[in-house]
**Q** 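Take a look at the following structure, please.
In this text, all values refer to a predicted model and were calculated from it rather than measured experimentally. Counting convention: from 1, in listed order, for ligands and their atoms alike. Scope of the values below: all heavy atoms of this structure, side chains included, with no hydrogens, waters or symmetry mates. Starting from 1, each residue takes its place in the sequence as its number.
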Amino acid sequence: MNRNVENIQISGIRRFYNRVSKVDGAISLTLGQPDFSVPKKIEESMIDAIKQGKTVYTPNAGILELRQAISEYLKTLHINYSDEEVCITIGGSEALFSIFTALINPGDKVLIPSPAYPAYESIVKILGGEVVNYSLNDDFTLNCCELDRLIKEHKIKFVVLSYPCNPTGAVLTKEDRDSLSKIVADNDITIITDEIYAALCYDEYYSIAQCDHLKEKIIYVSGFSKMFSMTGLRIGYFCAAEKYMKEIMKVHQYNVSCATSIVQWGVVTGLKECLADVEEMKGEFRKRRDYVYERLVSIGFEVVKPKGAFYIFPSIEKFNMSSEEFCLKVLNDKKVACVPGDAFGVKGEGFIRISYCYSIDELDRALSLIEEWVKGM
Ligand code: PMP
């Protein structure tokens, strides 16, 4: 076996989810999977693609129609990439894996936020890179001073940014984007910015990729799992300048050849005709965000109000137990499952992640049970 692979664990989110599936009748708030159906027009367009025989390999980078549609869509977010700077992947997951494989040499240091989506650390470790964590402000926003200090102190080559954030729901502010742009300009680093939740920002959306003058230093990762509620259809993309694209493309090509043809056609329709469905879904998530936040506050949790994605990350510090212990107790006593914060790295300890992509009814039942449990402590 490869020692780097042996030395990493399967994701703590999945580990806990597998445990939950063994508890009969448990309400699970663990998955990052919207509970909406894929928009009807996307569904129809995928069926049409099958009927029309669009079931053969596509170009490695994906069909031109989709790369053009993504380029147009990103312009509405003030991000400029041409269709040649877009590559369609098997979810954001494959984009991240291909990017890191193309970039990292053993021993290269990669700055990764903590808490964060667990894949970043694991991929870097598989490739023999060295992970250096950076901590965030108390409200999980970017701490630019800390970032700048670590980049210089550790001779960092790569920085992972992850906003809107899984697991905290924090977003990149305008001020942070502008401070960060100075740091990127002044240091010899590459930013990998994972913005898979960009379509689910409740207020304004800012991205480091909006800084055109830094394009040679930024790789933008996104996807449609969350935006179009199509997690199982496995489609995402990354955007990068040519110097990165030509190397990442080799990894992508030898690994997967291309993303699934019919899903690519579905997303072309999605970007042209289903953006209103995304707004509707976002409106629903906003209501749930407000509901869950208010309930958690009234139960007595210390919690930061999320500004994007569909997760909330309350502190459990005052309960004097580890996040794993907390989640196991609530699961065993009340049959409600949340993800222990330590699944998201060292700085996730002391928190739990609640996913609110469930109906208000289900959230109400789960939160009432958590409330009962807290009162019975
Ligand atoms: N990045 C983040 C922050 C995520 O939360 C996820 C999925 N939960 C991904 C990337 C990967 O998503 P997918 O492969 O479905 O596009």
Side-chain angles (χ1 to χ4, degrees), residues 10-17 28-36 38 42 62 66 70 86-101 110 112-124 136 140 142 159-172 191-201 205 207-209 219-239 252 255-256 259-260 263-264 266-267 270-271 278 285 306-313 338-339 341 343-345 347-348 353-358:
I10 66 156
S11 144
I13 311 172
R14 277 283 157 182
R15 222 170 343 127
F16 207 76
Y17 175 75
S28 173
L29 306 182
T30 56
L31 281 191
Q33 175 157 274
D35 59 333
F36 301 97
V38 65
I42 296 184
L66 180 52
I70 289 172
V86 179
C87 173
I88 316 298
T89 55
I90 312 276
S93 305
E94 192 248 319
L96 289 167
F97 220 107
S98 296
I99 290 163
F100 283 125
T101 306
V110 186
I112 294 178
S114 186
Y117 179 55
Y120 312 132
E121 280 207 30
S122 296
I123 300 172
V124 169
L136 306 163
F140 308 115
L142 197 62
V159 178
V160 176
L161 270 192
S162 191
Y163 287 115
C165 176
N166 170 11
T168 65
V171 299
L172 189 73
I191 299 269
I192 297 110
T193 183
D194 175 2
E195 310 204 13
I196 197 123
Y197 298 96
L200 299 174
C201 254
Y205 164 73
S207 165
I208 189 67
I219 302 175
Y220 183 85
V221 178
S222 194
F224 302 103
S225 284
K226 321 289 174 174
M227 178 176 174
F228 289 135
S229 189
M230 55 196 302
T231 51
L233 291 167
R234 314 303 306 122
I235 189 152
Y237 62 96
F238 69 88
C239 304
H252 169 72
N255 192 16
V256 300
T260 312
V263 183
Q264 294 189 49
V267 173
L271 287 171
V278 179
F285 280 136
K307 296 197 164 135
F310 37 57
Y311 309 104
I312 189 161
F313 206 55
C338 312
V339 183
F344 304 92
K347 293 280 166 61
R353 187 190 78 172
I354 292 176
S355 162
Y356 53 85
C357 29
Y358 299 89

**Q** Residues in side chain to side chain donor-acceptor pair (under 3.5 Å) with E94, at least two apart?
**A**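 In terms of side chain to side chain donor-acceptor pair (under 3.5 Å), with neighbours along the sequence ignored, E94 is linked to S98, H252.
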**Q** Short N or O contacts of ligand 1 with protein, under 3.5 Å, listed by atom name?
**A**
| unit_1 | atom_1 | unit_2 | atom_2 | d |
| --- | --- | --- | --- | --- |
| ligand 1 | 1 (N) | D194 | OD2 | 2.5 |
| ligand 1 | 5 (O) | N166 | ND2 | 2.8 |
| ligand 1 | 5 (O) | Y197 | OH | 2.7 |
| ligand 1 | 8 (N) | K226 | NZ | 2.9 |
| ligand 1 | 14 (O) | G92 | N | 3.3 |
| ligand 1 | 14 (O) | S93 | N | 3.0 |
| ligand 1 | 14 (O) | S93 | OG | 2.5 |
| ligand 1 | 14 (O) | R234 | NH2 | 2.7 |
| ligand 1 | 15 (O) | S225 | OG | 2.6 |
| ligand 1 | 15 (O) | R234 | NH1 | 2.8 |
| ligand 1 | 16 (O) | G92 | N | 2.6 |
| ligand 1 | 16 (O) | S225 | OG | 3.4 |

**Q** Verify whether the ring centers belonging to Y120 and Y117 lie closer than 6.0 Å.
**A**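 Judged by ring-centre distance (under 6.0 Å), Y120 and Y117 do meet the cut-off.
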**Q** Please enumerate all residues that pass side chain to side chain donor-acceptor pair (under 3.5 Å) together with Y205, with sequence neighbours excluded.
**A**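 Here the qualifying residues are E195, Y220.
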**Q** When rounded to the nearest 0.5 angstrom, what is the spacing between CZ in F224 and CG in L66?
**A**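 Reported to 0.5 Å precision, the distance equals 5.5 Å.
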**Q** Can you see which heavy atom on R353 is nearest to which on T30, and at what distance?
**A**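 Heavy atoms only, the tightest pair is NH2-O, 2.5 Å.
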**Q** My understanding is that only residues two or more places apart in sequence, or in another chain, count here; which of them pass side chain to side chain donor-acceptor pair (under 3.5 Å) with Y197?
**A**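 Per chain and number, Y197 pairs via side chain to side chain donor-acceptor pair (under 3.5 Å) with K226, Y311.
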